[in-house]
Amino acid sequence: MQETLAYSVPGANALPRPDPLAEMLAELNQNRPPLARLRHDATIAFGPAMRVERFFLGNGLKVLVLVDASAPVVCLQTWFGVGSRHERVGKTGIAHLFEHLMFGETESVAHGAFDRMLEEAGAETNAATFLDWTYYHTNLPKDALELTLRLEAERMARLVLRDPQVSSEKEVVANERRQRVDDDVDGAVSELLYKEAFTKHAYGWPTIGWMADIKGFTTDDCVEFYRTYYAPNNAALVIVGDVALDQALRGVQDHYGAQEPSKLPVEDVCPEPPQVAERRAEVAKPTATHKVAIGYRSPALGDFDHAPLVLLNEILFAGRSSRVHRALVQEQEIASEIRGWVGSFRDPALYDIYLSARGAHTGDALLAALDPLLEEVCRTPVAEAELDRAKARIELSVLQGLETVAGKAEQIGFYETVLGDPAALFERLGAYRRATVGDLLRVARRYLVTSARTVIHVIPDGSGDEDDEGGEDAESEEAS
């Protein structure tokens, strides 16, 4: 006789377990108009122990909350999906101009009151603009969250843009450009490098804008830009810290729920055509020694090759034990400063390398010394021990950046805006850990291509009085 086994599913007759988030949203959304209704999009692991909850308001505002009760503080950041890449020829720098305008007058907050009210509440605030994004951040005591939400929502929807305000901030930005670019050797050279390297893509113009464009902005230009891009459906609101989730979301609904979305334009950024020949330019600047800026092509942040190239840069340029520092600064003594950085952008960009000569050495001498070092990593795999040290340094740097609520919020907002994943930083950590010496050999051969690089030679114009000696003390170390 054949035996029949009966199986039962544990809990098959039990009632469904209530969903706390669904219950919370039902309460929050009760009697709310459609634009203010919240929906839960995803729960996203942020490292081994934390979670980011992603919500959307009915008007398109993205809300990302990470509850961290380790200290009674909160970081609130607003990331807008607009940077200099979204501008057009003749209107460069307007995204950066708004970084200044947004601290001005709104319909219910007088000029200067925004900063004063937050400072009186114990908060500090600032902003930044770059190629792919603009963001505004405030570090605050937990009891100042309601005030901060109210002020941020106010300036997102009701900024006052009149001729006096716009003219005043245009002059502030023009002076900033004079100080950071026109009268600064490094700033001017970096701008020239990107201008020469990009012939089509919007990465070729500076975030701060060309001076003629800055001076030419009209109030109508600013109103159009504001109404287009400063809208809830183009923003990610990041809240990290000691908050009660339901109270934070209720505050978002109260202050942002009446805002209308905008009609965002289709992004029209021209891809950069392949570069098939080395480009060179020479510029005279008030510097005591020769300098060289080099731009190799680099992959987009989301590309599989990006993490291995960052590790290769760490081996070549990061710190006094790096290959290039040992060779050019310590052994040959022809450079006083060296640095390298792999662009972390949405689209393919540049792997920037900067060398400053020691004494009378020339830019040609710097290149002649650097090129064999780059050829070596294209020819021979790096040592496993070198790669392990690079991985350890980068991982330490990444994890140290997450020690504060502000550090967590910045990573969440950046990766959500650029890659659409607030926890992509941890995917990158995994990519660093998985990278092999073969991966580094591959990216070296793919990107360290002389025919696809741009080189800017900086020669002293005879007026410089800076002291480039003792460059080891002035060394800048960068890691992505």
Side-chain angles (χ1 to χ4, degrees), residues 18-44 46 51-67 74-82 86 98 102 106-109 132-138 145-159 223-241 243-267 409 412-423:
D19 181 348
L21 280 177
E23 292 182 347
M24 179 188 70
L25 289 178
E27 181 179 345
L28 289 171
N29 287 332
Q30 189 173 11
N31 299 322
R32 294 279 187 178
L35 291 180
R37 292 178 64 84
L38 279 163
R39 69 173 175 88
H40 182 244
D41 179 67
T43 298
I44 303 158
F46 190 78
R51 300 291 182 268
V52 174
E53 301 292 350
R54 182 163 59 197
F55 302 86
F56 282 90
L57 273 185
N59 58 16
L61 179 68
K62 195 179 299 181
V63 185
L64 300 112
V65 184
L66 186 152
V67 177
V74 178
C75 182
L76 175 68
Q77 298 186 352
T78 308
W79 288 74
F80 290 95
V82 61
H86 301 90
F98 263 86
M102 285 286 282
T106 68
E107 292 177 11
S108 63
V109 179
D132 298 318
W133 44 259
T134 303
Y135 85 109
Y136 301 84
H137 59 98
T138 304
L145 179 59
E146 182 74 15
L147 168 67
T148 308
L149 286 169
R150 176 171 68 81
L151 293 174
E152 287 290 353
E154 170 77 14
R155 67 175 176 173
M156 182 190 288
R158 291 178 286 277
L159 187 68
V223 170
E224 178 188 4
F225 187 88
Y226 179 66
R227 289 177 177 171
T228 300
Y229 292 106
Y230 277 73
N233 55 319
N234 194 43
L237 188 67
V238 181
I239 302 172
V240 177
V243 298
L245 182 59
D246 59 340
Q247 293 178 9
L249 293 175
R250 184 176 290 109
V252 172
Q253 289 179 299
D254 290 344
H255 297 294
Y256 291 87
Q259 296 186 15
E260 295 281 346
S262 72
K263 184 177 180 179
L264 295 171
V266 174
E267 188 172 344
I412 290 169
F414 170 76
Y415 282 104
E416 175 67 33
T417 303
V418 178
L419 296 182
D421 180 0

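- Looking at Leu21 and Thr43, their side chains come closer than 4.5 Å, going by heavy atoms from C-beta outward.
- Distance CG/Leu145 to OG1/Thr138: 10.5 Å, rounded to 0.5 Å.
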Practice task
Evaluate side chain to side chain contact (heavy atoms under 4.5 Å, CB included) for Ile239 paired with Val67, printing each intermediate quantity in order.
Solution key: CA-CA 8 Å; Ile239 302 172; Val67 177; over 6 Å; no
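- Panel note: side chain His40, backbone Ala42; a donor-acceptor pair is recorded below 3.5 Å.
- Considering every non-hydrogen atom in both Ala423 and Ile44, the closest pair reads CB-CG2, 3.7 Å.
- Looking at residues two or more places apart in sequence or on another chain, you find a side chain to side chain donor-acceptor pair (under 3.5 Å) between Trp79 and Gln77.
- For the atom pair OG1 (Thr148) and NE2 (His255), the distance works out to 9.5 Å, reported to the nearest 0.5 Å.
- In this structure the side chain of Phe46 reaches within 4.5 angstrom of the side chain of Ile412, judged on heavy atoms.
- Glu53 places none of its side-chain heavy atoms less than 4.5 Å from the side chain of Leu64.
- Residues Leu57 and Leu35 share a closest heavy-atom pair of CB-O, 3.9 Å.
- Of the possible polar contacts, one joining the Arg37 side chain to the Asn29 backbone as a donor-acceptor pair under 3.5 Å is found.
- If you take OG1 on Thr228 and CG on Asn234, they are separated by 9.5 Å, rounding to the nearest 0.5 Å.
- From Asp132, atom CG reaches atom OG1 of Thr417 across 9.5 Å, with rounding to the nearest 0.5 Å.
- Evaluation of the side chain to side chain donor-acceptor pair (under 3.5 Å) test over residues 149-158, restricted to residues two or more places apart or in two chains, returns Thr106-Glu154, Ser108-Glu154, Glu152-Arg155, Glu154-Arg158.
- Two residues are said to be in side-chain contact when any heavy atoms from C-beta on lie closer than 4.5 Å; Met102 and Thr134 fail this criterion.
- At a threshold of 4.5 Å between non-hydrogen side-chain atoms, the residues Phe225 and Tyr230 count as touching.
- Residue Arg54 comes nearest to Gly420 through the heavy atom pair NH1-O, 3.6 Å, listed as atom of the first residue, atom of the second, then distance.
- Remark: Glu224 pairs with no residue by the side chain to side chain donor-acceptor pair (under 3.5 Å) rule, at least two apart or across chains.
- Sequence neighbours left out, the pairs with a member in residues 252-263 that pass salt bridge (charged side-chain N to carboxylate O under 4.0 Å, His left out) are Arg32-Asp254.
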Practice task
Before giving the answer on side chain to side chain contact (heavy atoms under 4.5 Å, CB included), spell out for Leu159 and Phe98 the whole-Å C-alpha distance, their side-chain angles and the decisive distance to 0.1 Å.
Solution key: CA-CA 10 Å; Leu159 187 68; Phe98 263 86; 4.1 Å; yes
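- The salt bridge (charged side-chain N to carboxylate O under 4.0 Å, His left out) analysis of residues 225-239, with sequence neighbours excluded, yields no pairs.
- Put simply, the side chain of Tyr229 reaches to within 4.5 Å of the side chain of His86, judged on heavy atoms.
- Taking each heavy atom of Gln259 and Pro232 in turn, the nearest pair found is OE1-CD, 3.9 Å.
- Taking both residues in full, the closest heavy atoms of Leu28 and Arg250 are given as CD2-NH2, 3.6 Å, listed atom of the first, atom of the second, then distance.
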Exercise for the section: Show your working on side chain to side chain contact (heavy atoms under 4.5 Å, CB included) between Leu249 and Phe55 and close with a plain yes or no. Expected result: CA-CA 9 Å; Leu249 293 175; Phe55 302 86; 3.7 Å; yes
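- Atom-to-atom distance recorded for Lys62:NZ and Thr78:OG1 is 13.0 Å, nearest 0.5 angstrom.
- Here Met24 contributes atom CE and Glu27 contributes atom CD; the two are 9.5 Å apart, rounded to the nearest 0.5 Å.
- Side-chain N or O atoms of Asn233 include one that pairs as donor or acceptor with a backbone N or O of Ser262 at under 3.5 Å.
- Shown here are the side chain to side chain donor-acceptor pair (under 3.5 Å) partners of Tyr256, two or more places apart in sequence or in another chain: there are none.
- Side-chain contact between Val418 and Trp133: present, with at least one pair of heavy atoms (C-beta onward) separated by less than 4.5 Å.
- In this structure, Met156 and Tyr226 approach most closely via the heavy-atom pair O-OH, 2.8 Å.
- Contact annotation: the side chain of Val52 never approaches that of Val65 to less than 4.5 Å [non-hydrogen atoms, C-beta and beyond].
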